[in-house]
*Asks:* 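Attaching a single structure in structure tokens format; questions to follow.
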Amino acid sequence: MRRLLGAAAVLLTIAFGRAEADSGSPTIRELKELNVEDLMNVEVTSVSRHPQKLLEAASAIQVITQEEIRRSGATSIPEALRLADNLQVAQKNAHDWAISARGFNTALGNKLLVMIDGRTVYTPLYSGVFWDAQDYLLEDIDRIEVISGPGGTLWGANAVNGVINIITKRAADTQGLYAEAGGGSEPHGFAGARYGGSLEGDTHFRVYGKYFDRGDEVLANGDPESDSWRQGRAGFRIDSGPSPRDRLTVQGDYYDGREHVQTGGEADASGANLLGRWTRVLSDDSDLSLQSYIDQTHLTLPTAPLTLNGQQFTPPGNLYDDLTTYDVDFQHRFKVGERNRIVWGLGFRHTHDAVINAPGVGFSPAVLDQNLYNAFVQDEFALRNNLSFTVGTKLEHNDYTGFEFEPNARLSWTLSSSQVVWAAVSRAVRTPSRFDHDLSEGSPPYPVFLKGGSDFTSETVIAYELGYRAQLNSKASVSVSSFYNRYNDVRSISLTPVTVFPVYFANDLQGDTYGLEFSGNYQVSDAWSLHAGYTRLQEHLRVRPGGYDVDNALFETADPEHQFSLRSSLNLPWHAELDAGLRWVDTLHTDNGATPATVPSYFELNARLAWHASERLELSVAGQNLLHNRHPEYGAPDPNRVEIQRSVYGKIAWRY
């Protein structure tokens, strides 16, 4: 870490010496612009794999802008994701979050696909996301596109209930120096810096580094929980235009972090990635792109002794996991005639996963190589000038279940230049992970209590959606979406005949969910805007006829029925800003050893006050969870449940 801080110091020295006043960094006026009409005209790419206005997107998509991230006071990506009304976000402890869309937000949530600049970041260990490993300098994030609902046709397996696409700024948009530092009750301290410059021709670059230190949260009795966390990260991006039609991007990141865990000891999470992307514009209506990346991650996880009824069967130990991912993705977009717009592509991914098992938990085989092949095609054609129909499918082949099909059909009806009604029917799958197929809790010479299912198959969903999005006038916009999902072959836990143990994973659950998502913006004045969001979710998961589940169909869901949020952004005199966000989360229903358990409902308030002392200098103070000294957001009610504390921190940011 000393090397990282030393490099950041050198970077600052160089940047102060070379940055120019016309670097293109945003001014105070640009940072403080609040415009509802501009928001609905933001271009998104996650719905159709090509740029389109948010207003026209036939999907339940919300966009978290850079301005919203900055003004929220968020210090991490999970905190920024609270700005999306169509997500369930719960903080488990100092370094872990549960994040999902439309339910199934369990400790091993696995139905949300997450990408950073086109790089998929879920782990094949359990098909979920290690949120403590996903970070970036938040100042350099352009936007976060959040889709609730299936996205398998374009993005593949595990895009079952939603897609999060984190898109960083082009290097040309991050010229000059940016530096930040701060700290308080939580996080204790943080610092970050980025410098962007240009080379010969149309070539721009940036380099960045950041570090933070977070302290312990607390238990229900007020005692500190040993879950402190610190992490350093550095990276770069280069964008070049060798010709008017070609764009090249090369970018990479490295991170290294340490965190204390409840099982005792210190976990290590580190990794590095390198991505390259080439895009060629063939015409106004046609382009192609080729992207490839390599991603390496390392995890050291202390594990607790395996116990049953108070009897210890295994000693504590460490689980080690080293994952290397190679990915190649090709896409071609073109038009046929005046009415058909087609996008198709091919992809290949190879993963090499090497595990050193702990006494109480492991995977067999310990070393596994897997290949994933895919092809997709989608056709959007205009039935009339104001009515379009989109149909497509993705075909994937994985080593566990073979071929998987993920079709979808979407209808978009433009009522006027500012109103759209859309509907969709989709099929998506959640393919088996190593946790489902290869897990072993306990291994010889110790007893084995839980095993993966050798016949575990893919979970499936058929989703029906209906939505409406409108720019009501120059001051107000709304988006409403409803959904009904039918799930089959959802993960369950079965008993071994005669011996009972080991229990094993099967696919004996089925059920349905339905709900409503609403978000609205209102521009009270040029200086004041309001945002409101609400979600309603009903889940009915059950054991299918003839099946069995040890946990009575409770293990796969941990979600509130209602959520509500209200945010205010106000520009004050004397170059000041005041932002506040109130959220209410309904009672969260989870399981506690096959019996229902709850996390109490709660109101919470975040607030931020900032002052632009000059065009380049910003000072701010932010408070999170201001309504309570502490409160739980996740987990069964027991003495080890972690509660999240109120926190206040100050920050100084310099742009040059």
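Because the structure is a prediction, the values reported are computed rather than measured.
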*Asks:* Can a salt bridge be assigned to the pair Arg542 and Asp512 using a cut-off of 4.0 Å between side-chain N and carboxylate O?
*Replies:*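 Yes, Arg542 and Asp512 are salt-bridged.
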
*Asks:* Is the shortest side-chain heavy-atom distance between Glu539 and His589 below 4.5 Å?
*Replies:* no

*Asks:* Return the set of residues passing side-chain hydrogen bond (donor to acceptor under 3.5 Å, both in side chains) with Asn165 (not counting sequence neighbours), or none when no residue passes.
*Replies:* Ser46

*Asks:* Parallel, tilted or perpendicular for Phe403 and His397, by the 30°/60° rule?
*Replies:* perpendicular

*Asks:* Quick one: do Asp239 and Arg237 make a salt bridge, cutoff under 4.0 Å?
*Replies:* yes

*Asks:* Are Arg49 and Trp155 in a cation-pi setup, meaning NZ or CZ lies under 6.0 angstrom from the ring centre and within 45 degrees of the ring axis?
*Replies:* yes

*Asks:* Angle between ring planes, Phe381 versus Phe389, binned at 30° and 60°: parallel, tilted or perpendicular?
*Replies:*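 Rings of Phe381 and Phe389: perpendicular, over 60°.
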
*Asks:* Taking only residues two or more places apart in sequence or in another chain, which ones pass side-chain hydrogen bond (donor to acceptor under 3.5 Å, both in side chains) with Asp586?
*Replies:*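 Testing Asp586 for side-chain hydrogen bond (donor to acceptor under 3.5 Å, both in side chains), a comparison that skips the adjacent residues, returns none.
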
*Asks:* Look at the rings of Trp344 and His332 and say which category their plane angle falls in: under 30° parallel, 30 to 60° tilted, over 60° perpendicular.
*Replies:* perpendicular

*Asks:* Can you label the angle between the His350 ring and the Phe348 ring as parallel, tilted or perpendicular, going by 30° and 60°?
*Replies:*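 Aromatic pair His350/Phe348 classed parallel.
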
*Asks:* Charged N to carboxylate O below 4.0 Å: is that the case for Glu459 and Lys111?
*Replies:* yes

*Asks:* Run the salt bridge (charged side-chain N to carboxylate O under 4.0 Å, His left out) test against Asp246 and tell me which residues pass, sequence neighbours left out.
*Replies:*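 Asp246 satisfies salt bridge (charged side-chain N to carboxylate O under 4.0 Å, His left out) with Arg280 once adjacent residues are dropped.
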
*Asks:* According to side-chain hydrogen bond (donor to acceptor under 3.5 Å, both in side chains), who are the partners of Glu633, at least two apart in sequence or on a separate chain?
*Replies:* Arg82, Arg583, His631

*Asks:* For Trp584, I'd like to know if atom CH2 has over 12 heavy atoms of other residues, nucleotides or ligands within 6.0 Å.
*Replies:* yes

*Asks:* Near Tyr126 OH, under 6.0 Å, is it more than 12 heavy atoms from other residues, nucleotides or ligands?
*Replies:* yes

*Asks:* Suppose we screen for salt bridge (charged side-chain N to carboxylate O under 4.0 Å, His left out). Which residues come up paired with Asp379, at least two apart in sequence or across chains?
*Replies:* none

*Asks:* Only counting residues at least two apart or in another chain, list the ones meeting salt bridge (charged side-chain N to carboxylate O under 4.0 Å, His left out) with Arg469.
*Replies:*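 Checked Arg469 against salt bridge (charged side-chain N to carboxylate O under 4.0 Å, His left out); zero matches.
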
*Asks:* For Val47 and Ala57, which heavy atoms make the closest approach, and how far apart are they?
*Replies:*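 Heavy atoms only, the tightest pair is CG2-CB, 3.9 Å.
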
*Asks:* Is any side-chain heavy atom of Pro560 less than 4.5 Å from a side-chain heavy atom of Gln88?
*Replies:*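 Pro560 vs Gln88: side chains touch.
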
*Asks:* Are the side chain of Gln331 and the backbone of Leu290 linked by a donor-acceptor contact shorter than 3.5 Å?
*Replies:*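 Looks like no, no N/O pair under 3.5 Å.
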
*Asks:* Please find the pair of heavy atoms, one from Glu380 and one from Ser48, that lie closest to each other, and give the distance.
*Replies:* OE1-OG, 4.4 Å

*Asks:* When you measure from the centre of the six-membered ring of Phe505, is the NZ or CZ of Arg491 under 6.0 Å away and within 45° of the axis?
*Replies:*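 Yes, Arg491 and Phe505 form such a contact.
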
*Asks:* Short question: side chain of Glu56, backbone of Gln52 - any donor-acceptor pair under 3.5 Å?
*Replies:* no

